[in-house]
Amino acid sequence: MKVNLDELNPQQRAAVETTEGPLLVVAGAGSGKTRVITTRIMYLMEQGVSPYQILAMTFTNKAAMEMKHRIGVGLKRNTGDLTITTFHSFCARFLRKEIGYLDREPGFAIFDTQDQTSCLKRVIRGLDLDEKNFPARHFRNKFSYLKNKGDLDAEPEFEIEQRIFHAYRKEMREQNALDFDDLLLLTCKILGEYEECRTRYQRRFQFIMVDEYQDTNKIQARLIRLLLNEKNNLCVVGDEDQSIYGWRGADIHNILDFELHYPGTRVFKLEQNYRSSQRILDYANEVISLNQLRKPKKLWTEDSGGLPISIRDEYSSMDEAENIVQSVIQIHESKKVPLNEFAILFRSNFLSRVLEEMFRRYQIPYQLIGGLKFYDRKEIKDLLSYMRIVVNPRDWTSFTRAIGVPSRGIGVKSLDKIYGVFNEGFNLKETMDMVIEGKILSGKGLRSLTAFRDFYNTMVENAEDLTPCDWLTHVIDELDYLNYLEKQDAGSAEYRADNIEELLSAMKDLEKQSITTLSQFMDFSALVSDQDEMEDNSPKVNMMTIHAAKGLEFDTVFVMALEDGIFPNQRALTDNPNAVEEERRLFYVAVTRARKRLYLSYARKRQTFGTTTSNPKSRFLLAPGESFEDEESDPFLKPVRPKAARPGARKFGDLSSQIKRMQEQLAEKDVDVDFGGVGGKKKPTRIRTGDVVRHAKFGQGTVSKTTGSGEKMTVTVYFPGVGKKTLVARVAKLEKVFDN
DNA sequence: TACGATAAACTTTTT
DNA sequence: GTTTATCGTA
């Protein structure tokens, strides 16, 4: 079958037809880049390139599967020989085959963030350091950033950090575990140091493509360079304006300086947008033009006009959420937009809570993408820990988990003793045998451990002749795990049992996709991304962080919580100016997800950490906001207040909860603060963000944030020349100069 | 040793 | 407002 290039625009077509040498495709949001990549792969194959010689790196497994599917449909042939994967999956597969070069076992475990943290905790405790002063999370981030820098032998700066770093590596090595960063690091190490291996891969992959190149980090760029042979047939596709992963080491210079790294690069710019209305694009262009670190680019579309963009000023986060739900209902019903064509985007995960509550109250089906991953749920991790100790008999982390659920009477004390043996370098089986024979435990502990060892041996035997799904079913039965869940917490048992059901059926499905061993399943479960978990065809409203929305598009998009301190978030505001640029790119990504309808909103009061805080509206809204607002032309623009009868509102008769609710509502209202007043006359004054106040010592300043209420209310004021000061309103006798 | 109650910390964003 | 750490008790 002939690949049809006629439907491509000239730039797209040129990108497809340029198959030799380095190629940079600058692909603006919605400019059809997935289409370019898939067509290009089909075109290559049509030119006689074997699918075996093609490698394409995508950002998520979902994107990879979609591409494979499209190519399979387009060419009407099996795509099994094509390598389209994510960086991490590629490396995991590589290492399962090649890790022998580094004198290591191929049965390694892939540790996720939780495992890493608990490993670091143990290490820090082992060094007799105080966990308060040396938080595991901090070092996890630090080491991860370090490993992604591209220098394979990078060391942390300070002596104490180095000690923790080395102890961590030693511990990981003893457990034969790799973290996400190790996957890339060790792959680069092998390819760099072993020429025989490198040439094998270089000879195989004649054509390499990388999607979302703006979000690759130094080590990923390095990996690509190691895989490339002298022909440099590399095509990267990306958009510097959508670079949003700087914090995990993504280096925007990879794409900005691509032509420097690869002399002779041909560049094609895709600026025609096939997704959004002109109105949305104008807004997006205006937003992103404020950034310095970019090459000029302007998206355009053949469709003119479009619906106006709504910017909503909400009183509280609850109002914001409720108005979003009501808009969804209205648009869904009157415009027949399917529910899965709605997305609500936010900066941080915690913001989803209000939304979820409101969607449940209105009984609108939704799915939350991201947050707690399916494979991170307690019941799933419990069961996977049994699988992991079978696959990798050195995984102490999973061993401690498995032996503790359901509890067997082996606690910290006994585990310490067992660890003493394990730490001598034995694997789990040997360790258990020795502890039992040497009677290192006694009484109940010994009996429990013996039973556990026997069960362990059975699991190992079963792994050889049962499919993953049957294997796990056996384990669940044997543990009487469902009963355990019931006993733990009857309320959540049903939900958790459903998850286990889902896990089993996922395993069955994957068996069809040739994931037939426990080890393959482990890799799969460790490397799923948020987007991979999204159901795209079920009628549910989507909620996710903007990071998780990368690459997706929807008819109607709500971007909520646009408040300084939340989006852009506080860290970005205090860190450095580049951070604000990255936040702005993030906002740009959010805006360009929308095809037809875009709603932006912020709330004057928001519940965070259990207290009410108040932030000024986001700086991203300021400049372009007004000129785009046009309340008359869109009936959905007006906030839907007063509310229709609330579904699920409190019933009569429950007096105490009614009183509590009234008190809450009173507390939500603007708080009256007593500022002392003049001549003994106490005059309560309201204070809000945006007010200008005078302080006896600091002079005049603008209120940028308020926290709490009443006696405990604190006010953050920006005093020009002095800086930001956070004051307890009751104590600092502020005089209001301007009322916002 | 397990489990409850209470205190403290916690919020960027993810493979 | 939620999760995690620690302490005290059965």
Side-chain angles (χ1 to χ4, degrees), chain A residues 57-61 85-92 110-114 116-118 121 131-132 135-137 140-141 144-145 147-148 178-184 212 215-217 219-220 243-250 317 345-354 357 369-373 375-376 378 404-415 441 443-445 448 487-489 523-533 544-550 561 565-575 579 582-583 585-587 589-590 606-613:
Chain A
M57 297 285 197
T58 58
F59 208 71
T60 62
N61 294 306
T85 64
T86 64
F87 274 97
H88 290 273
S89 302
F90 177 85
C91 292
I110 299 171
F111 272 18
D112 66 19
T113 317
Q114 285 176 40
Q116 260 185 78
T117 312
S118 72
K121 265 187 193 155
E131 284 170 77
K132 288 254 159 54
R137 286 172 32 104
R140 174 166 52 70
N141 291 331
S144 173
Y145 193 80
K147 290 183 184 179
N148 280 304
L178 303 182
D179 61 32
F180 292 130
D181 310 313
D182 290 334
L183 293 173
L184 290 155
E212 307 279 11
D215 283 321
T216 54
N217 57 33
I219 197 150
Q220 289 167 330
S243 165
I244 54 175
Y245 281 97
W247 50 272
R248 73 170 193 207
S317 45
L345 308 181
F346 34 80
R347 176 63 241 257
S348 321
N349 280 310
F350 78 91
L351 295 163
S352 69
R353 200 162 300 139
V354 225
E357 203 176 294
I369 290 115
L372 187 59
K373 283 211 187 70
Y375 289 98
D376 286 344
K378 188 189 159 297
V405 281
S407 51
R408 293 182 168 80
I410 297 177
V412 193
K413 282 258 165 65
S414 310
L415 274 173
L441 293 185
K444 200 173 121 218
S448 303
K487 229 174 60 206
Q488 279 290 294
D489 176 26
D523 284 0
F524 174 84
S525 67
L527 299 174
V528 284
S529 67
D530 282 343
Q531 269 187 29
D532 300 338
E533 297 186 349
M544 66 193 98
T545 64
I546 300 158
H547 283 91
K550 179 191 174 75
I566 293 190
F567 190 14
N569 73 18
Q570 202 52 52
R571 288 234 178 112
L573 292 175
T574 39
D575 278 5
E582 178 151 321
E583 296 283 305
R585 290 195 292 270
L586 194 56
F587 183 51
V589 169
R606 180 174 300 285
Q607 301 290 126
T608 49
F609 277 113
T611 51
T612 307
T613 56

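Small disclaimer: the values here were computed from a predicted structure and weren't measured. To find a chain, count down the sequence lines: A is the first, B the second, and so on, and within it residues start at 1.
By the criterion of a centre-to-centre distance under 5.5 Å and near-parallel planes under 30°, the ring of A/F87 forms no stack with the base of B/dT15. Remark: ring of A/Y245 does not overlap the six-membered base ring of B/dT13 in a stacked fashion, as centroids less than 5.5 Å apart with planes less than 30° apart are not both met.
A sub-4.0 Å separation between OP1 or OP2 of B/dT14 and a side-chain N or O of A/N349 is present. The phosphate of B/dT15 (OP1 or OP2) has a side-chain N or O of A/K373 nearer than 4.0 angstrom. Contact between the side-chain N/O atoms of A/S414 and the OP1/OP2 oxygens of B/dT1 is found at a separation under 4.0 Å. A/T608 has no side-chain polar atom (N or O) that falls below the 4.0 Å cut-off from OP1 or OP2 of C/dG1.
For A/S529, counting side-chain heavy atoms from C-beta on, the closest listed nucleotide (B/dT11, B/dT15, B/dT13) is B/dT15. Picking from C/dT2, B/dT15, B/dT1 the nucleotide with the shortest atom distance to the side chain of A/R353 gives C/dT2. Closest approach to the A/K413 side chain among B/dT1, B/dT14, B/dT13 is made by B/dT1 (side chain taken as heavy atoms from C-beta onward).
In this view, A/R353 satisfies the side chain to side chain contact (heavy atoms under 4.5 Å, CB included) rule with no residue, not counting sequence neighbours. Judged as a side chain to side chain contact (heavy atoms under 4.5 Å, CB included), and not counting sequence neighbours, the contacts of A/K121 are A/R125, A/E131, A/A136. Partners of A/D523 according to the side-chain hydrogen bond (donor to acceptor under 3.5 Å, both in side chains) rule, which considers only residues two or more places apart in sequence or in another chain, are A/R96. Scored by the side-chain hydrogen bond (donor to acceptor under 3.5 Å, both in side chains) test, A/Q116 finds no partners at all (sequence neighbours excluded). For A/R606, the salt bridge (Lys or Arg N to Asp or Glu O under 4.0 Å) partners at least two apart in sequence or on another chain are A/E320, A/E563. Contacts of A/Y245 classified as side chain to side chain contact (heavy atoms under 4.5 Å, CB included), with partners at least two apart in sequence or in another chain: A/F59, A/D215, A/W247, A/R248, A/A250, A/H547, A/K550. Checked against side chain to side chain contact (heavy atoms under 4.5 Å, CB included), A/D181 has the following partners two or more places apart in sequence or in another chain: A/S144, A/K147, A/N148, A/D179.
Between the CE atom of A/M57 and the P atom of B/dT15 there is a distance of 16 Å, given to the nearest Å. Note: CD (A/Q114) to C1' (B/dT15) measures 14 Å, nearest angstrom. Atoms CG (A/D182) and P (B/dT14) sit 21 Å apart, rounded to a whole Å. The separation between A/L178 atom CG and B/dT15 atom C1' is 14 Å, rounded to whole Å. Between A/L372 atom CG and B/dT13 atom P there is a gap of 12 Å when expressed in whole angstrom units. Note: CZ (A/F609) to C1' (C/dT2) measures 10 Å, nearest angstrom. Remark: P of B/dT15 and CD1 of A/I244 are 11 Å apart, rounded to the nearest angstrom. Regarding A/I219, its CD1 atom lies at a distance of 18 Å from the P atom of B/dT15, rounded to whole Å.
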Expected rows: protein N/O vs nucleotides 4-8 of chain C N/O, under 3.5 Å:
from	atom 1	to	atom 2	distance (Å)
C/dA5	OP1	A/K121	NZ	2.7

What N/O pairs connect the protein and nucleotides 2-7 of chain B at under 3.5 Å? Give each pair on its own line.
from	atom 1	to	atom 2	distance (Å)
B/dA2	OP1	A/G409	N	3.1

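Within the 4.0 angstrom heavy-atom criterion, no nucleotide atom of any strand lies near A/D181. Using a 4.0 Å heavy-atom cutoff across all strands shown, A/R137 reaches sugar-phosphate atoms only and no base atom.
Distance check: A/M57 CE to A/C91 SG gives 6.5 Å after rounding to the nearest 0.5 Å.
With hydrogens and angles ignored, the 3.5 Å screen pairs a side-chain donor or acceptor of A/D532 with a backbone N or O of A/N61.
Closest heavy-atom contact between A/I369 and A/A548: CG2-CB, 4.4 Å. The minimum heavy-atom distance linking A/E583 with A/A572 is given by the pair CG-CB, 3.5 Å.
Distance check on atom C1': C/dT4 versus B/dT13 gives 22 Å, rounded to whole Å.
The residue among A/F350 and A/Q531 whose nearest nucleotide of DNA chain B lies closer to the 5′ end is A/F350.
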